[in-house]
Amino acid sequence: MTATETIAAIATAQGRGALGVVRASGPGVPSLVEALTGTLPPARHASFRAFHSPDGEILDAGLLLYFPAPASYTGEHVCELHGHGNPVVLQALLQTMCKLGARLARPGEFSERAFRHGKLDLAQAEAVADLIESRSIRAARSALRTLKGEFSAHILAMVESVTRCRVAFEGAIDFPDDIPGDALAAAQHPHIERLRDQLKELLASAHHGATLSSGATVAIVGAPNVGKSTLLNRLARADKAIVSAVPGTTRDVIEVDTLICDVPVRLCDTAGLRDTHDVIEQEGIRRANEVMNSADLIILMTDQAELLAAPDLFARLGQAQPADARVLVVHNKIDAHGLQPQRTRADDAEHLFVSAREGHGLDLLTETLGDLLGIEATSENEFVARARHIAALELALGELAPLDLDLARNAPELTAEGLRRAADALHSIIGGGGSEALLGEIFSRFCIGK
Ligand SMILES: Nc1nc2c(ncn2[C@@H]2O[C@H](COP(=O)(O)OP(=O)(O)O)[C@@H](O)[C@H]2O)c(=O)[nH]1
Ligand SMILES: [Mg+2]
């Protein structure tokens, strides 16, 4: 990348709207603004201007904002032209900027420049994309916290603690006569243990955060006619699946995206599990199994009130319970049994009594789903973690794991080395030592103009 290039892009979404924003960043911005609007406006003030092409034609008129370097999003000179939200007009403005020396920005290039100029660290830059992509207000809020630097501050504090510990061990290597190994190990080892605990906690909340942004999948399975499609429609608040008294109505997997506890959840209604000679239904059952095996949670539905263990219920359907599956047994049609909504535990599984058709016990169901998926709306400092962050945290934890008291006593140099690698892994989360390939991969997934 040559940072001397001036880049330009349409920053608003495609399509027609009240406003459309074109922006540019780079050293050529002041001359670009002068060519387009006549004079350079005061910094960081909204000025109403006509936007001209080089041959003097008016392309549009609107607000002009100018942010001289370094006090801008990218750290370079930036301008924003707020015109009318017509794609043809916005394209004309963009092309004019290109004629005047700018080039089209690549996806994420504004944020990449912000990162390279130290305006954002890598986790914050990723949070910009996450904020734009988030599918619930809860995920958006969490991305915003990362963008404000809360997550990075946490990581940085850990890097500093690990580094302090490492420096202590390196001191012992350099001055072995001054610092007795036993005293050093006794003093420093508790720090290592505390760091390990903190990392485990952070990792747990990172996994939690990953669910917040990527969402969870819930498969609804059970015998034909127990009310699976009725429940799907209820949870989705829409008539998505055909409900009928005829067993074997649902044959394909029906997927609906909804929010539970403000977290995106994909609900999958499946063909009823039973022995059948109908080839289409057989295929539906095969697909039901596939969905069941990959779901984060299985709602195993029955219209019986009997508290059977989940594996026995699966056995009745001629199925084995998928290994490691989290199962919620939902007993439907309590209206027909004269029962009240209720949540109980039996044989290590959660059982819930509801009536999908009458809408009884659905709040309890939502609450239970939130519990079992680990997405109950409690945590105040949750953050949206990416797979990259989780991998780095795991790497750091893996480096700290073998650093026991014995090693601290007998091999301070190995302990220091383990601590150094743990700090590097943590530091990579906020961009330390990031390779060009990694940066390219991260920013190429952004939208153009961001
Ligand atoms: N009494 C009663 N009937 C229900 C309830 N939920 C669903 N049904 C009925 O059970 C039948 C089968 O429902 P459906 O959702 O198609 O079941 P599926 O085959 O499991 O998808 C339909 O006639 C529904 O109206 C309920 O809570 N109570
Ligand atoms: Mg059905």
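Whatever order the structure lists them in is the order used to number ligands and atoms, beginning at 1. Numbers here are sequence positions counted from 1.
- Classified by interplanar angle (parallel below 30°, tilted 30° to 60°, perpendicular above 60°), the ring pair F353/H331 is parallel.
- Distance check for S229 against the Mg ion (ligand 2): an N/O/S atom falls below 2.8 Å.
- Atom NE2 of H84 is surrounded by 12 or fewer heavy atoms from other residues, nucleotides or ligands within 6.0 Å.
- Residue contact annotation: T249 places no N/O/S atom under 2.8 Å from the Mg ion (ligand 2).
- Atom-to-atom distance recorded for I448:CD1 and L104:CG is 8.0 Å, nearest 0.5 angstrom.
- Listed by first then second residue, pairs satisfying side-chain hydrogen bond (donor to acceptor under 3.5 Å, both in side chains) with a partner in residues 423-434 read R420-D424, not counting sequence neighbours.
- Within the 3.5 Å criterion, the main-chain N or O of C261 finds a donor-acceptor partner in the side chain of R138.
- Sorted by chain and number, the heavy-atom contacts of ligand 1 below 4.0 Å come from P224, N225, V226, G227, K228, S229, T230, V243, S244, A245, N332, K333, D335, S355, A356, R357.
- Rounding to the nearest 0.5 angstrom, the gap separating the CG atom in L300 from the CD atom in Q321 is 8.0 Å.
- In this structure, R44 fails the cation-pi test against Y66, since its NZ or CZ atom is not both closer than 6.0 Å to the six-membered ring centre and inside 45 degrees of the ring normal.
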